[in-house]
K.L.:
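Below are the structure tokens for one structure; questions will follow.
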Number of protein chains: 2
Amino acid sequence: MLAAVFTVRPVDAPADRPEGHPALHVLLWQRAQAPDADRWALPGGPVLTDEDVDSSTRRQLAEKVDLTRVAHLEQTGVFSAPERVPGARVVASGFLGLVPQDPGRPAPRLPADTAWHPVDHLPATAFDHGGIVEQARQRLRGKLSYTNIGFALAPAEFTMAELSRIYTASLGHEVDVTNLYRILHRRRMLEPTGRTAPPGPSGGRPAAMYRFAVQRYRVTDPFAAFRPPI
Amino acid sequence: MLAAVFTVRPVDAPADRPEGHPALHVLLWQRAQAPDADRWALPGGPVLTDEDVDSSTRRQLAEKVDLTRVAHLEQTGVFSAPERVPGARVVASGFLGLVPQDPGRPAPRLPADTAWHPVDHLPATAFDHGGIVEQARQRLRGKLSYTNIGFALAPAEFTMAELSRIYTASLGHEVDVTNLYRILHRRRMLEPTGRTAPPGPSGGRPAAMYRFAVQRYRVTDPFAAFRPPI
DNA sequence: CCGGTTTTCGACCTACAATCGAAAACGTGG
DNA sequence: CCACGTTTTCGATTGTAGGTCGAAAACCGG
């Protein structure tokens, strides 16, 4: 019961970068005790006998983040190598969680031992947690293309340029704004809010703002071979 | 640790049908003892402390089928509802297994309490095993379209008409032979063996025989939105 | 040799996505 | 207030994959 919770946020501006650009981050907490003391671990813990793994994950996550911010949560797989943790054998099921941006509310305060880390520059991770993060990331990458889980990473209202930056950070490569708009629009995943964002300091046409039409997980008809005949 | 093992084989010819047509079957064994006595269950059992869930599944499957026939095995999800089985809480991870047709070898003998059942006409199943079968079936349906797992259901050598019947039985709808050939061919998943199958009793052009080019699980580049730029 | 049957394969159409470029809608500086 | 740079928007074009159809190929039996 270990959850890789992702969000897209600006990386802490390093010295050589003028401004932090948005990147995919994962929530980790630093272990204080052996084994693997000082290494960074995923939130999680044992499942109680009167709960299923999904509600158990929610319960454990509540200790680390504001649960109302976790907009999506799903299983990714079971990790069961006998030596994955020292001592008694522990079977863990991995989860993918997503937290949207929320420019409206103040950033939630995290416990002292907990922090967001850019997935491309992870610190030393405990046990096999690095592999669990990687599996969850792959799942996210795949589902961005044929589901609407973008809603779980984007703020309630956004411009297409902002959404493109979110997709770029999550997928790890450039995402063309024109293409992004046309695809999401044809799938009826976007709704215009009517409002426009103020143009930047260097001018330019003000961008229209959109929201996701449905805020619950949906798979769009995947483009696949061997479709059933109509 | 419960495995839904599928194979495509002719359904036992009923009275009203002249010949059994190929259908997707799942391996079940009949429980002798309470709870859920006489109901049909998936093969499986507890994981030992020195094995991971994958090797545990293989070990347990060996008691029911010839393991060398299981050409593909993968996790599908975790089933953990507190009341899924009476008594102490048991968490099970579901598996999908595939057994190919093999006209060469004689049909393997099954234990007395074990039998193949057509997934469209399952008997009364134990606990939540019906849901596990359904989840595995969905996984199979999806992956047939963007991976090569067809190799794990088809015999070593086959004609396109035979392969189409296997896909039809697994997907639950007609699969056009022309389309099937062109798609698998473009993905370089097929190799001609040079041999031809003898034509049927009513004549017709003899069919060319093919084999799958790679006999290990591969995902073909899924056709998806937001591809990385070359 | 001729008609029936099954397989093979080319031709056409549609749907989706990637790319490009022009037009629209804003700022700023002369 | 008007030219210019900037950013967004959106139409046009191209490429590729899949679905459908039908003609040709290759066998049978009479």
Side-chain angles (χ1 to χ4, degrees), chain A residues 142 144-148 150 157-168 171 173-210 219-230, chain B residues 142 144-148 150 157-168 171 173-210 219-230:
Chain A
L144 274 177
S145 107
Y146 66 93
T147 72
N148 67 341
E157 227 170 298
F158 48 84
T159 70
M160 289 315 297
E162 288 164 6
L163 191 63
S164 164
R165 282 189 285 272
I166 293 175
Y167 273 66
T168 295
L171 291 173
H173 62 78
E174 289 299 314
V175 173
D176 182 74
V177 184
T178 292
N179 211 12
L180 181 65
Y181 170 76
R182 189 173 34 73
I183 292 174
L184 299 186
H185 185 259
R186 178 160 40 202
R187 295 178 178 174
R188 311 203 177 286
M189 284 165 59
L190 289 183
E191 274 178 358
T193 66
R195 273 192 293 278
T196 61
S202 60
R205 176 171 173 171
M209 307 209 64
Y210 298 89
V219 297
T220 70
D221 216 16
F223 192 71
F226 317 130
R227 295 288 205 74
I230 354 122
Chain B
L144 273 177
S145 107
Y146 66 93
T147 73
N148 67 344
E157 225 170 302
F158 48 82
T159 70
M160 290 314 296
E162 287 164 6
L163 190 63
S164 164
R165 283 190 285 272
I166 293 175
Y167 273 67
T168 296
L171 292 172
H173 62 78
E174 288 300 315
V175 173
D176 183 74
V177 183
T178 292
N179 210 13
L180 181 65
Y181 171 76
R182 188 169 38 75
I183 292 173
L184 298 187
H185 185 261
R186 178 160 39 203
R187 295 178 178 173
R188 312 204 177 283
M189 284 166 58
L190 290 183
E191 274 178 357
T193 66
R195 274 193 290 279
T196 61
S202 61
R205 177 172 173 169
M209 305 209 65
Y210 297 88
V219 301
T220 70
D221 216 17
F223 192 72
F226 317 130
R227 295 286 204 75
I230 358 122

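Numbers restart at 1 for each chain; the letters A, B, ... are given by sequence-line order, proteins then strands.
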K.L.:
Heavy atoms only: give me the nearest B:Ala225-A:Ser145 pair and the separation to one decimal.
P.N.:
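Here B:Ala225 and A:Ser145 meet closest at O-CB, 3.5 Å.
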
K.L.:
Specify the separation, in whole Å, of atom CE of B:Met209 and atom P of C:dT8.
P.N.:
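That distance rounds to 10 Å.
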
K.L.:
Check the distance between C:dT19's C1' and A:Tyr181's OH and give it to me in whole angstrom.
P.N.:
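Going from OH in A:Tyr181 over to C1' in C:dT19 covers 18 Å.
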
K.L.:
Using whole Å, report how far NE2 of B:His185 lies from C1' of D:dT16.
P.N.:
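Distance, rounded to whole Å: 17 Å.
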
K.L.:
With rounding to the nearest 0.5 Å, note down the distance linking CZ in B:Arg182 to CG in B:Asp176.
P.N.:
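Answer rounded to 0.5 Å: 9.0 Å.
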
K.L.:
Hey, does the side chain of A:Arg227 come within less than 4.0 Å of C:dA15's phosphate (OP1/OP2), counting only N and O?
P.N.:
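For A:Arg227, the contact criterion (side-chain N or O under 4.0 Å from OP1 or OP2 of C:dA15) is not met.
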
K.L.:
Under 4.0 Å from OP1 or OP2 of D:dT16: is there any side-chain N or O of B:Arg182 that close?
P.N.:
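No.
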
K.L.:
Round to a whole Å and report the spacing from CG of B:Leu190 to P of C:dC9.
P.N.:
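Spelled out: CG on B:Leu190 to P on C:dC9 is 12 Å.
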
K.L.:
Nearest-Å distance, CD1 (B:Ile183) to P (D:dG18)?
P.N.:
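Value for this atom pair: 5 Å.
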
K.L.:
On DNA chain C, does the nearest nucleotide to B:Met160 precede the nearest nucleotide to B:Phe226 from the 5' side, or the other way round? Give the residue.
P.N.:
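Residue closer to the 5' terminus by nearest nucleotide: B:Met160.
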
K.L.:
What's the CG-P distance between A:Leu163 and D:dT8, to the nearest Å?
P.N.:
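Taking atom P of D:dT8 as the reference, CG of A:Leu163 is at 13 Å.
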
K.L.:
Go through D:dG18, D:dT8, C:dT7 for me and flag the one nearest to the A:Ala161 side chain.
P.N.:
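Of the options given, the side chain of A:Ala161 lies nearest D:dT8.
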
K.L.:
Which dot-bracket string fits DNA chain D when only Watson-Crick or G-U wobble pairs with both atom distances under 3.5 Å count, crossing pairs get [ ], and | stands for a partner on a different strand?
P.N.:
||||||||||||||||||||||||||||||

K.L.:
Is the closest side-chain heavy-atom distance between B:Leu180 and B:Leu184 below 4.5 Å?
P.N.:
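A side-chain contact under 4.5 Å exists here.
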
K.L.:
Which listed nucleotide (D:dT20, C:dT7, D:dG19) is nearest to the side chain of B:Thr178?
P.N.:
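Out of D:dT20, C:dT7, D:dG19, the nucleotide with an atom closest to B:Thr178's side chain is D:dT20.
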
K.L.:
Could you state the interatomic distance from CG (B:Leu190) to CD1 (B:Ile183), rounded to the nearest 0.5 Å?
P.N.:
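Taking CG in B:Leu190 and CD1 in B:Ile183, the distance rounds to 11.0 Å.
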
K.L.:
What is the distance from CG of B:Leu180 to P of D:dA17, rounded to the nearest Å?
P.N.:
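Taking atom P of D:dA17 as the reference, CG of B:Leu180 is at 17 Å.
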
K.L.:
Check this for me: A:Glu174, atom CD, are more than 12 non-hydrogen atoms of other residues, nucleotides or ligands nearer than 6.0 Å?
P.N.:
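Check fails, neighbour count at 12 or below.
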
K.L.:
Under 6.0 Å from the NE2 atom of A:His173, do we count more than 12 heavy atoms belonging to anything else shown?
P.N.:
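Count over threshold, so yes.
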
K.L.:
C:dG10 C1' sits how many Å from B:Asp176 CG, rounded?
P.N.:
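So the CG-C1' distance, B:Asp176 to C:dG10, works out to 14 Å.
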
K.L.:
Would you confirm whether B:Thr168, through its side chain, and B:Ser164, through its main-chain N or O, come within 3.5 Å as a donor-acceptor pair?
P.N.:
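Side chain of B:Thr168 to backbone of B:Ser164, a donor-acceptor pair under 3.5 Å: yes, one is there.
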
K.L.:
How are the rings of A:Tyr181 and A:Tyr210 set to each other: parallel, tilted or perpendicular (split at 30° and 60°)?
P.N.:
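Plane angle between 30° and 60°, so tilted.
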
K.L.:
Encode nucleotides 22-30 of chain C as B, S and - characters from 5' to 3', where the letter depends on protein heavy atoms closer than 4.0 Å: B to the base, S only to sugar-phosphate, - to neither.
P.N.:
--BBBS---

K.L.:
Nearest 0.5 Å, please: how far is CE in B:Met160 from CZ in B:Arg165?
P.N.:
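One gets 11.5 Å once the value is rounded to the nearest 0.5 Å.
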
K.L.:
In terms of the nearest nucleotide of DNA chain D, which residue is placed more toward the 5' end: B:Asn179 or A:Ala208?
P.N.:
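That would be A:Ala208.
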
